[in-house]
Protein chains: 2
Amino acid sequence: MSKTKRVFTNFLRFLAFGATIAAVVVMVTSHESTMVLNLTFTAKYSNDPVFKYFVIAEAIASGYSLIVLLFSRFQNSLWRLVLILDFVVAMLLSSSVSAAVAIAHVGKKGNDHAGWLPICGQVPKFCDHVTGALVAAFAAAIIYLVLISSSLYSVLNLLP
Amino acid sequence: MSKTKRVFTNFLRFLAFGATIAAVVVMVTSHESTMVLNLTFTAKYSNDPVFKYFVIAEAIASGYSLIVLLFSRFQNSLWRLVLILDFVVAMLLSSSVSAAVAIAHVGKKGNDHAGWLPICGQVPKFCDHVTGALVAAFAAAIIYLVLISSSLYSVLNLLP
């Protein structure tokens, strides 16, 4: 791997690390309480299994990005493994973002047919946090897509 | 690509084609009507944007698998493009399955905190169809994971 290419790859990994850690922090700190008919109603990420999955998946991607960054000087010997793990992490990111967007969409718009009411009117700050986390996670997924395309391009160019 | 390897790859693509087309058909044919408080309530996939996205994504994956199968004898010259498109299709499958599972989970279990009631008690046949489509789509995603791992393995072995 050339030096420029390595700097570019490490920069992308650093961005991906930042985006995933931001997604985790913004999602975990999202909670809001509101009074509905004299009952206190608290919205937080851990009330929904999909948001829990989102936090776990983003944390894994974040940890993985950091580890690969820290060991980037040994990357040459392990780059085959890194390429395959990058691919697995990209699938995980695309899966967690999609699932969380699906639930967030119900939270924002509801679903008349199923009788699910939107909740963002009651807990707007919670919804803002979730939206922020989703945007960061989506950015991380795109960064991984660029990373893998760039790795595949290099690999395919190396071929005889 | 050796002959055995090509037969194996084509077999996997055929399975992926079968699984994605099954997911589309089972999801599209899922509709059930029920009476709730003298009101007729019809559950169908097109009532939910996530299920629509699911059908479109699975149909794209299905069409792509068929095209690559049909042109498999010309695959040698285009295999670089096929490898990258396989990767994009795998991301699409993982994204559509995850989003649909998230909504199906709310349909089955509801979410007490958000006040979303489960609907599977009212429309059990609809839920069975959705579950079937999700299983088929999940299988297709796994098949694409195997396909890509096998391609990457071959590519990495070709390297000097």
Side-chain angles (χ1 to χ4, degrees), chain A residues 36 41-51 53-54 57 79-81 83-84 86-88 90-107 109-120 122-123 126 141 144-145 148-149 151-153 155-160, chain B residues 36 41-51 53-54 57 79-81 83-84 86-88 90-107 109-120 122-123 126 141 144-145 148-149 151-153 155-160:
Chain A
V36 180
F41 163 76
T42 303
K44 53 186 176 187
Y45 86 96
S46 55
N47 284 347
D48 193 291
V50 169
F51 288 158
Y53 166 61
F54 175 86
W79 70 269
R80 288 175 164 83
L81 180 65
L83 179 58
I84 289 172
D86 276 356
F87 170 65
V88 173
M91 294 269 280
L92 191 67
L93 285 175
S94 111
S95 153
S96 67
V97 174
S98 307
V101 166
I103 295 300
H105 183 264
V106 178
K109 303 277 178 185
N111 185 323
D112 290 345
H113 306 280
W116 300 333
L117 297 175
I119 59 163
C120 282
Q122 275 83 50
V123 283
F126 173 72
Y144 262 90
L145 200 62
I148 291 171
S149 310
S151 305
L152 276 183
Y153 180 80
V155 166
L156 296 177
N157 268 354
L158 278 179
L159 286 181
Chain B
V36 180
F41 163 76
T42 303
K44 53 186 176 186
Y45 86 96
S46 54
N47 284 347
D48 193 290
V50 170
F51 288 158
Y53 166 61
F54 176 85
W79 69 268
R80 287 176 167 82
L81 180 65
L83 178 59
I84 288 171
D86 276 356
F87 169 64
V88 173
M91 294 269 279
L92 192 67
L93 285 174
S94 111
S95 152
S96 67
V97 173
S98 306
V101 166
I103 295 300
H105 183 265
V106 178
K109 302 276 178 186
N111 186 322
D112 290 345
H113 306 280
W116 300 334
L117 296 174
I119 60 162
C120 284
Q122 276 83 53
V123 284
F126 173 73
Y144 262 90
L145 199 62
I148 292 169
S149 308
S151 306
L152 277 183
Y153 180 80
V155 167
L156 296 177
N157 270 353
L158 278 178
L159 286 180

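In what follows, chains carry the letters A, B, and so on, assigned in the order in which the sequence lines appear, proteins first and then strands, with residues in each chain numbered from 1.
Comparing B/Val97, B/Leu83, B/Asn111 by heavy-atom pairs within less than 4.5 Å of chain A, the highest count is held by B/Asn111. Per-residue counts of heavy-atom pairs under 4.5 Å with chain B were compared for A/His113, A/Lys44, A/His105; the largest is that of A/His113.
Between the side chains of A/Ser98 and B/Ser98, no donor-acceptor pair is found at a separation under 3.5 Å.
At a 4.5 Å heavy-atom cutoff, the contact between B/Ile148 and chain A is made by side-chain atoms alone. Contacts between B/Leu152 and chain A at a heavy-atom distance below 4.5 Å involve the side chain alone, from C-beta outward. If you measure heavy-atom distances from B/Val106 to chain A, the contacts under 4.5 Å come from both the backbone and the side chain.
In plain terms, the two heavy atoms of A/Leu117 and B/Trp116 that are nearest each other are O-NE1, 2.8 Å. Across every non-hydrogen atom of A/Val50 and B/Ala102, the tightest pair is CG2-CB, 3.7 Å. When every heavy atom of B/Ser94 is checked against every heavy atom of A/Met91, the shortest pair comes out as OG-O, 3.2 Å.
From A/Ile84, atom CD1 reaches atom OH of B/Tyr153 across 10.0 Å, with rounding to the nearest 0.5 Å.
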